[in-house]
Amino acid sequence: MTGINFKRKIDELWKNLSNDIDTVLRNKSEVLSYAEEILMLTDTAIRTLKSYVQEYEFKDWSEEIEFFKVTKPKFVSVYIYYSKLLAIESSKPYADPLVLKNYYETERANLIYFYQEHKEFISYYKRKATYLDKKYFVKFKFDFKLKLSPELYSYDESFSTSHDHTVSQILANDRLDLYLTTKINSDYVVDHLVFQHSPLEWTAPKVALIELLYALYLTKCFDAGKAEPSDIFRWAETALNINLGNYHKTLNEIKLRKIDRTKFLKLIQQNLEQYLDNSDE
């Protein structure tokens, strides 16, 4: 397998997984139900990813580091996130709101312990440092002077490095922190209810809203860039009482436009600039 084919197959695998997850989230609202289904989908995708690695030999360290620092954690973090989400929601007490809030706060405290336990590596990772990448993200390069996971020896050495799983945990826990913060923050619940009864209606074409929302996602406008596209689109559907359908298909149609692929964004810019120009007169 060539490097180009390896990357192409992984990109296609991620795209299919993302589409499948989005479909599940749109069709199921019960956490326990959709989390279980997403776990099965993600498990299949990770096993497929592993088979690709077994068939391929990295051409150099930089390619191997990219895979174990970025690509694999992207898949595994989804599994960890929904696994933890399922555990939290299946164990929560059926009690009054105050007890539930305390429950979620306790779960969030566990995340804080993780951040403290791995603060040095988290700082290294989030600063986008690279000087220890060959020790952290290359197979069979464990450095026992560095802090290693106690589960290291249970990992598959052909599909693991000393710290790729920790990156997966960081990504998953960042998402889980947002989820738990939402559960704890009562103001969010009020806002959500307001959205459900909002009289505002989106009257422009749906494709225009999809173009706008995806541009906002790519610009990292929601949750400091940590929000998933599916979260943003479901939020917009709830807030504006609209069904955007299969937005992945619509995005592909936007890509196929011969001219003005971002015509709605250009229209917004044009109207705002015209308003500002007129205001200056």
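The number of heavy-atom neighbours closer than 6.0 Å to CG of L272, taken from other residues, nucleotides and ligands shown, is above 12.
Looking only at side-chain heavy atoms (C-beta outward), L39 and S83 come within less than 4.5 Å of each other. Proximity of I170 to K126: side-chain heavy atoms (C-beta onward) are separated by under 4.5 Å at one or more points. Inter-residue side-chain proximity for Y136 and T161 is flagged as unmet; no heavy-atom pair is nearer than 4.5 Å. When side chains are defined from C-beta on, P93 counts as touching L100, because their heavy atoms get closer than 4.5 Å. With contacts defined as side-chain heavy-atom distances shorter than 4.5 Å, the pair F159/L49 qualifies. Side-chain atoms of D164 and F67, non-hydrogen and from C-beta on, never get closer than 4.5 Å to each other. With a 4.5 Å cut-off on side-chain heavy atoms, V207 and E253 do not count as touching. The shortest side-chain heavy-atom distance between V31 and L86 does not fall under the 4.5 Å cut-off.
A continuous path of ILVMFWY side-chain contacts below 4.5 Å connects F137 to L132, so both sit in one hydrophobic cluster. The hydrophobic clustering, which links ILVMFWY residues whose side-chain heavy atoms are closer than 4.5 Å, places L178 and Y217 apart. Clustering ILVMFWY residues whenever any of their side-chain heavy atoms sit less than 4.5 angstrom apart, transitively, puts F114 in a cluster other than the one holding I112. Taken together through direct or relayed side-chain contacts under 4.5 Å among Ile, Leu, Val, Met, Phe, Trp and Tyr, Y131 and V70 form parts of separate hydrophobic clusters. No continuous path of hydrophobic side-chain contacts links L180 to L98 [ILVMFWY only; heavy atoms under 4.5 Å].
At least one donor-acceptor pair under 3.5 Å links the side chain of N278 to the backbone N or O of Q274. Looking only at distances, no side-chain donor or acceptor of R261 sits under 3.5 Å from a matching main-chain atom of I254. For the pair S90 (side chain) and A87 (backbone), a donor-acceptor distance under 3.5 Å is present.
Between H163 and F121, the ring planes lie tilted relative to each other; the angle falls in the 30° to 60° range. Ring pair F58/F6 is perpendicular by interplanar angle, where above 60° counts as perpendicular and below 30° as parallel. Using cut-offs of 30° and 60° on the angle between ring planes, the pair Y81 and Y179 is perpendicular.
Separating the CG atom in L244 from the CG atom in L209 is a distance of 5.0 Å, to the nearest 0.5 Å. Atom CD of Q269 and atom CZ of F264 lie 13.0 Å apart (nearest 0.5 Å). Between T106 atom OG1 and L111 atom CG the span is 11.5 Å, to the nearest 0.5 Å.
Here the two rings, on W235 and F222, have centers that are under 6.0 Å apart.
Y124 and D133 share a side-chain donor-acceptor pair at under 3.5 Å. The closest side-chain donor-acceptor pair between S77 and R175, if any, does not fall under 3.5 angstrom. Donor-acceptor pairing under 3.5 Å is recorded for the side chains of R127 and S123.
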> Stepwise, does the side-chain contact (heavy atoms from CB on, under 4.5 Å) test hold for E237 with R26?
Replying inline: CA-CA 10 Å; E237 287 178 325; R26 285 172 174 271; 2.8 Å; yes
> K92 and E89: salt bridge (charged side-chain N to carboxylate O under 4.0 Å, His left out), yes or no, with the steps?
Replying inline: CA-CA 5 Å; K92 74 178 181 182; E89 290 298 326; 3.1 Å; yes
> When you look at H248 and F233, which way does the side-chain contact (heavy atoms from CB on, under 4.5 Å) test go after all the steps?
Replying inline: CA-CA 11 Å; H248 295 287; F233 278 86; over 6 Å; no
